[in-house]
Amino acid sequence: MKIIKFKKKDGSPQLAAVKNETLVYPLPYEDFLEVIQDSEKEGASCLAIVEKAIGKVEALPVEVEDLTLLLPLEAEEVWASGVTYLKSKNARNYEAYDGKEEVADSYYDKVYDADRPEIFLKSTSKRTIGPEQPVYLRNDSNWQIPEPELGLVLNKSGKIVGYTVGNDMSSRDIEGENPLYLPQAKIWKHSCSFGPAIRLAETVENPYDLLITCKIIRNGTEVFEESASTSQLKRTYDELIEYLMRDNDVFDGTVLFTGTCIIPGNDFTLAEGDVVEITIPEVGTLSNPVEKTPVSNTVTSS
């Protein structure tokens with residue numbers, strides 16, 4: 001069972017459940033956040049709440065592929081995890097240590113092996129976009145890539161209520177220059193997207209066996225494709241959530257990205273006009289065109 005939000009003919013949004021990948025049922029909620037809140041009030045799973053709702057209505061006469069999908073959840077905050085895969089550690093070393101992937105006792109080696117994971121604030125609701133909306137390129141970076149990730153959708157108690165596809169846009173040259181620049185390498189307008197759906201947690205058999213595939217298309221030609229499995233994760237989801245929850249307020253609908261194992265070659269950077277497609281079959285394909293950040297959103301120093 002998946003949750004989507006789509007644009008109706010009158011332009012208004014409609015939350016819906018997708019059953020058996022084809023049947024689309026309208027839900028009496030404006031956002032998935034309300035499903036989470038009802039789940040907590042009634043002491044029932046999100047799946048039970050959704051099944052109860054769709055049992056009262058008929059499926060819509062629509063095909064999922066014909067719908068204009070919107071961001072399925074207005075997440076107040078999106079957090080992200082770093083260096084959770086070996087390939088990510090090596091890539092971070094390459095950025096910071098003059099092209100060397102193997103560095104004795106680098107700070108990335110240390111965090112990869114440490115008890116405490118790297119967790120950082122990635123985005124807020126006003127910076128986050130959904131399917132088919134453009135991700136932006138920073139105007140002060142020359143080395144930018146998408147980072148395809150599995151996203152965990154949490155309630156305020158830290159329980160996983162769903163899974164989604166995430167794109168943690170990253171400026172490799174900014175982070176590589178100095179790790180203290182991480183917020184600037186990760187957070188800017190339209191630097192975070194997720195969707196196109198939320199797969200309810202109860203309907204995922206094994207979240208450590210999900211295939212993630214990223215394709216980048218340029219001028220109609222595929223210039224990059226790579227796949228990885230969540231089975232390659234160094235850390236568990238419970239471990240990441242536990243550290244996120246420490247002395248912290250976590251809101252219903254918080255999304256936690258779990259890190260990437262798919263990184264384009266070191267000579268690759270995104271360009272305006274590219275299209276990034278990230279697929280997790282159980283969730284769907286998150287597609288975003290790439291644009292430069294509009295000049296009106298940048299500040300130049302004098």
Side-chain angles (χ1 to χ4, degrees), residues 2 4 18 21 64-65 69 72 78 80-95 101 108 112 117-118 122 129-132 135 143-153 160 162-170 172 186 191-201 203-237 240 255-271 274-290:
K2 297 191 295 190
I4 62 172
V18 180
E21 301 298 325
V64 177
E65 55 268 25
L69 298 183
V78 178
S81 313
V83 199
T84 55
Y85 291 86
L86 179 61
K87 189 169 184 179
S88 178
K89 175 183 78 73
N90 291 340
R92 301 291 87 81
N93 279 337
Y94 185 95
E95 296 161 8
E101 291 190 354
Y108 293 115
Y112 183 72
E118 179 191 13
K122 170 63 187 179
I129 60 166
E132 306 302 333
V135 289
W143 191 11
Q144 299 179 75
I145 61 168
E147 292 194 3
E149 310 192 13
L150 174 69
L152 313 177
V153 182
I160 301 172
Y163 299 95
T164 192
V165 180
N167 181 358
D168 171 18
M169 292 283 287
S170 182
R172 295 188 68 183
K186 291 291 189 177
S191 65
C192 174
S193 65
F194 70 82
I198 295 169
R199 180 69 181 260
L200 296 181
T203 67
V204 175
E205 183 175 349
N206 183 1
Y208 293 100
D209 188 27
L210 299 176
L211 183 69
I212 306 174
T213 300
C214 179
K215 296 180 182 180
I216 300 174
I217 300 164
R218 180 171 294 167
N219 298 323
T221 300
E222 185 180 296
V223 293
F224 174 80
E225 179 177 356
E226 190 173 298
S227 298
S229 170
T230 54
S231 64
Q232 298 168 263
L233 264 169
K234 173 76 158 45
R235 301 180 184 271
T236 67
Y237 303 136
L240 297 173
V255 176
L256 174 61
F257 289 173
T258 54
T260 192
C261 192
I262 300 174
I263 301 172
N266 294 319
D267 59 348
F268 181 89
T269 187
L270 286 169
D274 288 353
V275 177
V276 179
E277 296 181 351
I278 305 172
T279 301
I280 298 177
E282 290 80 357
V283 180
T285 296
L286 174 64
S287 179
N288 297 106
V290 178

Next on the checklist: Please enumerate all residues that pass salt bridge (charged side-chain N to carboxylate O under 4.0 Å, His left out) together with Arg172, with sequence neighbours excluded.
Outcome noted: Glu95
Item to check | Counterpart residues, side-chain contact (heavy atoms from CB on, under 4.5 Å), relative to Lys87 (two or more places apart) | outcome: Glu226, Cys261, Ile263
Checklist entry - Do Ser193 and Asn288 have side-chain atoms, one donor and one acceptor, less than 3.5 Å apart? => result yes
Checklist entry - Does the side chain of Arg218 reach to within under 4.5 Å of the side chain of Thr221, using non-hydrogen atoms? => result no
Next on the checklist: Is there a salt bridge (Lys or Arg N to Asp or Glu O under 4.0 Å) between Glu205 and Arg199? Walk through the geometry before answering.
Outcome noted: CA-CA 11 Å; Glu205 183 175 349; Arg199 180 69 181 260; over 6 Å; no
Checklist entry - If only atom types and distance count, is the side chain of Thr260 paired as donor or acceptor with the main-chain N or O of Glu149 below 3.5 Å? => result no
Next on the checklist: Within the 4.5 Å heavy-atom criterion, are Leu240 and Thr258 side-chain neighbours or not?
Outcome noted: yes
Donor-acceptor list for residues 277-285 side chains, cut-off 3.5 Å, not counting sequence neighbours:
residue, atom, partner, partner atom, Å
Thr279, OG1, Thr285, OG1, 2.7

Item to check | Heavy-atom check, side chain of Asn90 versus side chain of Arg92, under 4.5 Å | outcome: no
Next on the checklist: Could you work out, with side-chain contact (heavy atoms from CB on, under 4.5 Å) as the rule, every residue matching Pro207, not counting sequence neighbours?
Outcome noted: Tyr163, Val204, Tyr237
Checklist entry - So which heavy atom on Pro131 is nearest to which on Phe194, and how close? => result CD-O, 4.1 Å
Next on the checklist: Given the ring of Tyr112, does Lys234 sit roughly above its face, with NZ or CZ under 6.0 Å from the centre of the six-membered ring and within 45° of the axis?
Outcome noted: yes
Next on the checklist: For Glu65, is the CD atom crowded, meaning more than 12 foreign heavy atoms sit under 6.0 Å from it?
Outcome noted: yes
Checklist entry - Does CG in Asn206 sit with more than 12 non-hydrogen atoms of other residues, nucleotides or ligands closer than 6.0 Å? => result yes
Checklist entry - Could you go step by step and tell me if Leu286 and Asn167 meet the side-chain contact (heavy atoms from CB on, under 4.5 Å) rule? => result CA-CA 8 Å; Leu286 174 64; Asn167 181 358; 4.3 Å; yes
Checklist entry - Quick one: salt bridge (charged side-chain N to carboxylate O under 4.0 Å, His left out) partners of Glu222, sequence neighbours excluded? => result none
Next on the checklist: Has Gln144 got a side-chain atom pairing as donor or acceptor with Leu270's backbone, closer than 3.5 angstrom?
Outcome noted: no
Item to check | Ser229 side chain vs Asp209 backbone, donor-acceptor pair below 3.5 Å | outcome: no
Next on the checklist: Do Val276 and Val290 have side chains that approach each other closer than 4.5 Å (heavy atoms only, starting at C-beta)?
Outcome noted: yes
Item to check | Non-hydrogen side-chain atoms of Ile262 and Phe224 separated by less than 4.5 Å | outcome: yes
Next on the checklist: List the residues meeting side-chain contact (heavy atoms from CB on, under 4.5 Å) with Asp267, not counting sequence neighbours, and say none if there are none.
Outcome noted: none
Item to check | Side chains of Ile129 and Val135 in contact at under 4.5 Å (non-hydrogen atoms) | outcome: yes
Checklist entry - Is Arg235 salt-bridged to Glu118, cutoff N-O under 4.0 Å? => result no
Checklist entry - Do side-chain atoms of Thr84 reach the backbone of Ser81 as a donor and acceptor pair under 3.5 angstrom? => result no
Next on the checklist: Tell me the closest heavy-atom pair linking Pro196 and Leu69, and the distance in Å.
Outcome noted: CB-CD1, 3.7 Å
Item to check | Close side-chain approach of Ile212 and Thr230, heavy atoms under 4.5 Å | outcome: yes
Checklist entry - Can you tell me if Ser170 uses its side chain to pair, donor with acceptor, with the backbone of Lys186 under 3.5 Å? => result no
Item to check | Within-4.5 Å side-chain heavy-atom neighbours: Phe257 and Leu150 | outcome: no
Item to check | Distance-minimising heavy-atom pair for Thr213 and Ser227 | outcome: OG1-OG, 2.7 Å
Checklist entry - Which heavy-atom pair separates Cys192 from Val78 by the least distance, and what is that distance? => result SG-CG1, 3.9 Å
Checklist outcome for this item: Heavy atoms of Met169 and Pro146 approach each other most closely as SD-CA, 4.0 Å
